[in-house]
Amino acid sequence: MPELPEVETIVRALRVGGRGGPSILKKQVQSAELTWPRTLAEPDGGQFLARLPGQQVMDINRRGKFIVIRLDRDTLLIHLRMSGNLRVEPGGMLQPHDRLTVNFSDGWRLVFNDARKFGRAWLVADAQQVLAGLGPEPFDPALTAGVFHRRLQERRRQIKPLLLDQSFLAGMGNIYTDEALHLAKIHPLQNSADLTLERADRLLGALRVVLQQGINTNGASIDWVYRGGEFQNNFRAYGRAGQACPECGTTIARIVVGQRGTHYCPQCQGL
DNA sequence: CATCAACCCTGAGAGC
DNA sequence: TGCTCTCAGGGTTGAT
């Protein structure tokens with residue numbers, strides 16, 4: 001399930017080439033195909049197919065888990081959700097679960113594949129209308145320990161669901177949240193408002209460490225969709241229920257928090 | 001505001 | 001081998 005590091009890996013490949021395809025920067029859209037209309041959040045299919053042709057790819061960025069492709073008139077935003085993936089390829093047969101295809105004038109195409117149909121795309125004049133509700137980027141220098149601590153105080157929630165809340169912090173998913181909480185030695189049910197400045201500082205540092213490790217290893221290959229990353233070999237807690245904690249040897253536990261499978265060390269991450 | 005559950009989906013893995 | 005069942009999870013929505 002693509003989280004910040006996986007999305008960042010995909011964005012970098014779109015920008016500079018990689019994962020089997022060239023950069024799509026400067027390419028001009030010739031046409032588009034929509035094989036599963038509900039993939040499109042907005043506008044409707046007719047407008048989408050009419051507005052896209054002729055636009056050129058100016059810039060490719062990431063905001064939270066959104067892929068932000070700035071064109072010369074509109075911005076194409078893509079959220080991969082659970083099972084989405086993007087390919088850049090030189091034509092050929094479409095694959096099962098391909099939902100949206102952008103054909104470029106030089107013959108290459110960008111394909112949005114999404115087995116579970118949870119992913120969404122937007123074509124809007126102003127990207128802010130889609131991204132407005134997102135919290136800060138974890139790597140934003142303006143997000144100091146003091147600011148982070150204050151934001152934790154302002155809410156009074158279990159820390160894990162809060163970290164997964166994209167309006168609180170943009171980009172965290174289930175894997176990296178479990179990893180960061182384990183690294184920071186904080187229990188997933190810990191109340192956010194009760195965290196001291198020192199522990200908030202440690203948590204922010206841990207978030208950045210695990211996200212950076214994820215980016216450095218091209219993300220995690222944890223299911224049959226996203227391939228190519230290596231971070232799954234470094235998991236400390238996620239998916240390791242019943243195995244030994246790498247810090248103390250205690251058996252990693254699994255509980256459900258906010259409808260999410262949650263992995264933690266009962267010894268290291270006491271409440 | 002916080003919490004919880006349902007919903008959207010399909011493929012994988014377990015159990016039989 | 002092949003069937004059925006359960007589980008996985010990001011985000012939205014509605015109820016408590």
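To find a chain, count down the sequence lines: A is the first, B the second, and so on, and within it residues start at 1.
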Item to check | Sugar-phosphate, base or nothing in reach of A:G261, heavy atoms under 4.0 Å | outcome: sugar-phosphate
Next on the checklist: For residues 35-44 of chain A, which residue pairs pass the salt bridge (charged side-chain N to carboxylate O under 4.0 Å, His left out) check, not counting sequence neighbours?
Outcome noted: none
Next on the checklist: Taking A:E247 first and then A:R236, would you say they form a salt bridge - that is, a charged N and a carboxylate O separated by under 4.0 Å?
Outcome noted: yes
Checklist entry - For the helix from B:dA2-C:dT16 to B:dC16-C:dG2, how many degrees between its two end axes (five pairs per end), to the nearest 10°? => result 50°
Checklist entry - With the threshold set at 4.0 Å, does a side-chain nitrogen-carboxylate oxygen contact exist between A:D106 and A:K27? => result yes
Within the sub-3.5 Å range, which N or O atoms of nucleotides 2-6 of chain C have a protein N or O partner, and how far apart are they?
none

Item to check | Nearest-angstrom distance from the residue atom CZ of A:F168 to C1' of B:dA2 | outcome: 14 Å
Checklist entry - Is there a salt bridge (Lys or Arg N to Asp or Glu O under 4.0 Å) between A:E8 and A:R12 once you walk through the steps? => result CA-CA 6 Å; A:E8 180 67 25; A:R12 289 181 182 184; 2.8 Å; yes
Next on the checklist: By the ring pair (Phe, Tyr, Trp, His ring centres under 6.0 Å) test, which pairs, at least two apart or in different chains, include something from residues 243-271 of chain A?
Outcome noted: A:H187-A:Y264, A:Y238-A:H263
Next on the checklist: Using whole Å, what does the distance between atom P of nucleotide B:dC4 and atom CG of A:L164 come to?
Outcome noted: 14 Å
Next on the checklist: On the six-membered ring of A:F168, is A:R155 placed so that its NZ or CZ lies under 6.0 angstrom from the centre and within 45° of the ring axis?
Outcome noted: no
Below 3.5 Å between N/O atoms, which protein atoms pair up with nucleotides 7-9 of chain B? Just atom names and distances, please.
from: B:dC8; atom 1: O3'; to: A:R38; atom 2: NH2; distance (Å): 3.3
from: B:dC9; atom 1: OP1; to: A:R38; atom 2: NH1; distance (Å): 2.5
from: B:dC9; atom 1: OP1; to: A:R38; atom 2: NH2; distance (Å): 2.8
from: B:dC9; atom 1: O4'; to: A:R116; atom 2: O; distance (Å): 3.4

Checklist entry - Could you state the CG-P distance from A:N191 to B:dA2, rounded to the nearest angstrom? => result 9 Å
Checklist entry - Do the side chains of A:V57 and A:L71 get nearer than 4.5 Å, heavy atoms only? => result yes
Next on the checklist: What is the separation between atom CG on A:L162 and atom P on B:dA2, rounded to the nearest whole Å?
Outcome noted: 8 Å
Next on the checklist: Consider side chain to side chain contact (heavy atoms under 4.5 Å, CB included). Of A:L86, A:L34, A:T101, which one does A:F112 pass it with?
Outcome noted: A:L86
Next on the checklist: In this structure, how many angstroms lie between the P atom of B:dG11 and the NE2 atom of A:H97, rounded?
Outcome noted: 4 Å
Checklist entry - How close or far is atom P of B:dC4 from atom CG of A:D165, stated in whole angstroms? => result 15 Å
Item to check | Distance test, side-chain N/O of A:Y238 to OP1/OP2 of C:dA8, below 4.0 Å | outcome: no
Checklist entry - From B:dT3, C:dG10, C:dG9, pick the nucleotide closest to the side chain of A:R157? => result B:dT3
Checklist entry - What nucleotide among C:dG10, B:dA2, B:dT10 has an atom nearest to a side-chain atom of A:N174? => result C:dG10
Checklist outcome for this item: By ring pair (Phe, Tyr, Trp, His ring centres under 6.0 Å), A:Y176 pairs with (sequence neighbours left out) A:F231
Checklist entry - So how far is it from A:E179 CD to A:M172 CE, rounded to the nearest 0.5 Å? => result 9.5 Å
Next on the checklist: Could you check whether A:K65 pairs with A:E3 (Lys NZ or Arg NE/NH1/NH2 to Asp/Glu carboxylate O, under 4.0 Å)?
Outcome noted: no
